[in-house]
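Read through the structure below, which is laid out as structure tokens, and then see the notes.
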Amino acid sequence: MPGSKTIFLLEKNVNMDTVITRFPPSPTGYLHVGGARTALFNWLYARHMKGRFVLRIEDTDTQRSTQASVDAIFEALEWLGIDWDEGPYFQSKRFDIYLEYIEKLIDSGNAYYCTCSQEKLEEMRATAMASGKKPKYDGTCRNKGLKKTDNAVVRIKAPLDGTTVVHDVIKNNIVFNNTELDDFIICRSDGTPTYNLAVVVDDITMSINTIIRGDDHVNNTPKQIIIYNALGHSLPVFGHVPMVLGSDKARLSKRHGAMSVTEYKDMGYLPDAFINYIVRLGWSYGDQEFFTRDELIEKFSLENIGRSAGVFDINKLLALNADHIKLSDPVKITKHLAPFLNKLGFEFKEGPFIEGVIKTLNARSKTLKEMAENAAFYFQDTISYQEDAASKFLTADSVEILNTLIALLEALESFDEKSIENVFVKIMEQTGLKLGKIAQPVRVALTGKTISPGVFEILNVLGKEKSINRLKTAVSFIADKKS
RNA sequence: GGUCCUAUCGUCUAGUGGUUAGGACGCUGGCCUCUCACGCCGGUAACACGGGUUCGAAUCCCGUUGGGACUACCA
């Protein structure tokens with residue numbers, strides 16, 4: 001458990017120029033697209049700047065936080081390939097540190113105990129609302145110098161006038177009138193710290209100097225700045241990235257389909273394609289659309305983050321996924337494809353066979369799931385013919401072609417793609433038939449379907465023995481049909 | 001309601017005072033072709049509106065409208 005001692009060492013060891021970012025999810029659900037993008041931006045920036053990336057779990061809401069959510073977040077980050085240099089820290093284990101800082105604030109006169117009841121607060125809010133005013137704490141206890149009592153909360157002594165300005169690297173300066181702010185609570189009556197206090201204390205003690213987070217936090221920022229000021233600490237760099245919206249322009253939610261990042265994994269998206277897509281949703285690098293992970297690290301910058309909210313478009317993600325599948329090294333694809341093949345009941349080992357399979361399918365698959373389904377015929381021991389395909393192409397006319405092919409393939413010394421193609425050319429010359437006429441029956445014999453990768457490629461990947469067996473099976477199928 | 005953010009094709013975006021407003025996804029016409037894809041060539045479609053500033057505004061300013069966020073003893 002990281003006590004204040006650890007933190008002290010940390011502060012000493014880190015160079016002031018080192019960029020330190022963080023991702024602080026609260027474990028009240030799965031990691032969703034917006035959160036993933038925030039994590040990604042922070043991670044990319046840290047990696048780009050050769051800085052450090054810290055993971056912190058904000059679980060002070062004991063009612064809503066669950067271990068299942070913590071696990072789900074880890075799983076999602078792992079899939080995304082986002083690793084951290086420090087942490088995970090758990091806020092629930094740091095209460096003593098927060099309390100220490102709260103006391104510091106009280107002792108320095110920047111915070112005070114307040115004994116106003118919740119009922120009184122409700123009333124205050126109601127009357128303010130009724131008269132069209134902003135619901136704010138009226139400062140009843142601000143100068144009472146109250147001592148700690150059982151049900152007291154601690155409030156920060158916020159400035160009464162002037163302005164607080166957020167220097168935002170994405171949105172530029174955002175000015176808040178201090179009259180809009182009130183003496184908000186930093187410590188609850190049960191002695192637990194509130195969000196704004198915990199965040200600031202964490203960011204200070206963890207030496208976070210760059211905070212990239214969602215737009216939804218801009219209104220919290222002046223409050224946090226007040227705490228930084230009260231603690232006499234310098235401010236980090238703030239950058240607020242716009243929200244990710246659903247197709248109806250509302251905040252992304254379950255209505256719009258997959259909400260958890262891991263659902264995209266299950267649908268057959270490649271993590272690199274997914275991060276490529278979400279990073280482009282709000283960030284750009286000229287006209288470039290396709291990025292590898294390394295390119296992203298090399299090119300990512302805060303300056304090119306956009307200012308307006310973006311709509312999540314599954315179609316574009318799909319297209320990008322197809323590009324990544326097509327352009328990635330088959331060895332890498334193998335790893336990600338395996339679970340989908342296994343799920344269909346197919347076992348295989350790494351090596352030239354599966355890589356050959358992938359090479360015939362990578363320009364034909366938009367997802368890994370689709371690829372696995374289309375690869376089925378490579379793994380099946382017996383091919384079942386689609387009715388239409390068989391009746392159209394596995395006919396008496398085809399028998400001679402298939403038999404000729406079998407004979408020529410059997411005579412082949414090297415079963416490479418070029419030699420296989422030459423066999424077909426030979427048959428074309430002998431029979432005067434066009435390739436299409438020959439290829440379709442062969443395709444059906446090999447795959448059971450009329451749609452597949454090129455027949456030369458399939459023959460090559462399948463190998464001599466399996467290929468010839470399938471062709472022979474088709475010949476006898478035709479013979480059986482006739483009789 | 002109040003505060004704050006925001007506004008270029010349907011969507012993601014490039015653009016930082018002078019461009020035929022570019023790219024990508026989608027949709028679409030064609031080429032290539034052993035099927036299906038891939039690829040290639042082409043088409044479709046945008047500066048929300050109104051005022052300024054300027055010789056000149058998508059670009060700067062001010063309104064309007066639309067969208068979003070926040071407004072807790074949640075995070």
Side-chain angles (χ1 to χ4, degrees), chain A residues 24-28 58-61 63-65 91 114 116 118 121-122 125 128-129 132-136 151-155 166 168 170-171 174-177 179-182 184-196 198-199 214-222 240 242-243 245 247 249-251 277 280-290 304 306-320 322-323 326 360-366 374 389 393 421 424 428 434-444 447 449-457:
Chain A
S26 72
T28 54
E58 305 209 328
D59 57 349
T60 53
D61 184 345
Q63 294 299 306
R64 296 196 300 149
S65 298
Q91 288 191 324
C114 166
C116 295
Q118 299 213 31
L121 261 21
E122 282 299 329
R125 231 188 309 265
M129 290 283 244
K133 286 212 248 120
K134 192 166 179 87
K136 283 169 48 174
N151 277 321
V153 298
V154 179
R155 290 181 180 275
V166 179
D168 191 299
I170 296 166
K171 297 178 186 290
I174 307 171
V175 182
F176 291 87
N177 245 311
T179 51
E180 294 296 329
L181 277 14
D182 68 349
F184 56 92
I185 293 170
I186 56 174
C187 184
R188 300 185 188 101
S189 51
D190 66 358
T192 59
T194 58
Y195 166 72
N196 285 117
V199 166
D215 231 347
D216 48 340
H217 283 287
V218 293
N219 288 294
N220 278 324
T221 310
H240 290 95
M243 301 275 93
L245 309 176
S247 50
K249 304 240 183 170
R251 202 172 170 168
Y277 175 69
R280 275 288 288 105
L281 192 57
W283 175 84
S284 61
Y285 189 79
D287 279 342
Q288 191 172 343
E289 300 283 353
F290 184 95
N304 293 323
R307 269 158 302 156
S308 53
V311 174
F312 187 86
D313 179 6
I314 190 83
N315 266 325
K316 191 146 181 176
L317 168 60
L318 230 206
L320 222 31
D323 286 343
K326 191 167 54 201
T360 67
L361 255 18
N362 64 178
R364 299 176 157 80
S365 314
K366 290 190 186 301
N374 291 337
F393 296 108
E421 184 177 349
F424 278 78
M428 283 163 69
K434 303 242 276 185
L435 184 54
K437 285 283 177 195
I438 308 169
Q440 278 311 76
V442 176
R443 188 186 313 285
V444 177
T447 71
K449 294 178 287 189
T450 54
I451 295 172
S452 82
V455 291
F456 310 151
E457 311 172 65

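Lettering of chains follows the sequences in order, A, B, ..., and the numbering in each one begins at 1.
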By the 4.0 Å heavy-atom rule, please label [X] as base, sugar-phosphate, or nothing.
X	value
His217(A)	base
Gly306(A)	nothing
Leu281(A)	sugar-phosphate
Phe424(A)	nothing
Val455(A)	base
Gln63(A)	nothing
Ser189(A)	base
Glu58(A)	sugar-phosphate
Ser452(A)	base
Pro25(A)	nothing
Gly454(A)	base

If I pick the [atom1] atom on [M] and the same atom on [N], what distance separates them, to the nearest angstrom?
N	M	atom1	value
C60(B)	G15(B)	C1'	15 Å
G42(B)	C55(B)	P	41 Å
G43(B)	U35(B)	P	27 Å
A46(B)	A24(B)	C1'	15 Å
U59(B)	U16(B)	C1'	6 Å
U64(B)	G1(B)	P	13 Å
C62(B)	U53(B)	C1'	11 Å
U19(B)	U11(B)	C1'	24 Å

Any donor-acceptor N/O pair, [X] side chain to [Y] backbone, under 3.5 Å:
X	Y	result
Arg443(A)	Pro453(A)	yes
Thr28(A)	Arg64(A)	no
Asn177(A)	Thr179(A)	no

Distance check needed: [N] [atom2] versus [X] [atom1], whole Å only.
X	N	atom1	atom2	answer
Arg155(A)	A72(B)	CZ	P	11 Å
Ile314(A)	G26(B)	CD1	P	13 Å
Arg364(A)	C34(B)	CZ	P	13 Å
Asp168(A)	A69(B)	CG	C1'	14 Å
Lys136(A)	A72(B)	NZ	C1'	16 Å
Asp323(A)	C38(B)	CG	P	10 Å
Phe176(A)	U71(B)	CZ	P	12 Å
Ile185(A)	A72(B)	CD1	P	11 Å

TODO: Check the surroundings of atom CZ in Arg364(A): do more than 12 heavy atoms from other residues, nucleotides or ligands lie under 6.0 Å from it?
DONE: yes
- [ ] Please check if atom OH in Tyr195(A) has more than 12 non-hydrogen atoms from other residues, nucleotides or ligands closer than 6.0 Å.
- [x] yes
Task: Asn304(A) vs Ala439(A), nearer the 5' end of RNA chain B by closest nucleotide - done: Asn304(A)
Open item on the list: Nearest heavy atom decides the nucleotide; on that basis, is Glu180(A) or Gln288(A) closer to the 5' end of RNA chain B?
Closed with: Glu180(A)
Scan every strand shown for a Watson-Crick or G-U wobble partner of [N], both distances under 3.5 Å, and answer none if you come up empty.
N	answer
C73(B)	none
C4(B)	G68(B)
G42(B)	U28(B)

Side chain of [X]: nearest nucleotide among [options]?
X	options	value
Arg125(A)	G2(B), C73(B), G68(B)	C73(B)
Lys316(A)	U3(B), U6(B), C25(B)	C25(B)
Thr60(A)	C36(B), A75(B), U6(B)	A75(B)
Asp61(A)	C4(B), C25(B), A75(B)	A75(B)
Arg64(A)	U11(B), U35(B), A75(B)	A75(B)
Asn220(A)	C4(B), G39(B), A75(B)	A75(B)
Lys326(A)	G39(B), A75(B), C34(B)	G39(B)
Asp216(A)	U71(B), G68(B), C70(B)	C70(B)
Phe456(A)	C12(B), C34(B), C4(B)	C34(B)
Arg280(A)	U3(B), U13(B), A69(B)	U13(B)

Separation between [atom1] of [X] and [atom2] of [Y], rounded to the nearest 0.5 Å:
X	Y	atom1	atom2	value
Asp61(A)	Gln91(A)	CG	CD	11.0 Å
Phe290(A)	Asp323(A)	CZ	CG	6.5 Å
Lys136(A)	Leu181(A)	NZ	CG	8.0 Å

Task: hbond_proxy Arg443(A) side chain to C34(B) base (donor-acceptor, 3.5 Å cutoff) - done: yes
Open item on the list: Should the side chain of Asp287(A) and the base of G22(B) be counted as holding a donor-acceptor pair, with the cut-off at 3.5 Å?
Closed with: yes
Open item on the list: Quick one about Thr194(A) and Asn196(A) (side-chain donor to acceptor, distance below 3.5 Å, no hydrogens or angles considered), yes or no?
Closed with: no
Open item on the list: Please classify C38(B) as syn or anti, treating any glycosidic angle within 90° of 0 as syn.
Closed with: syn
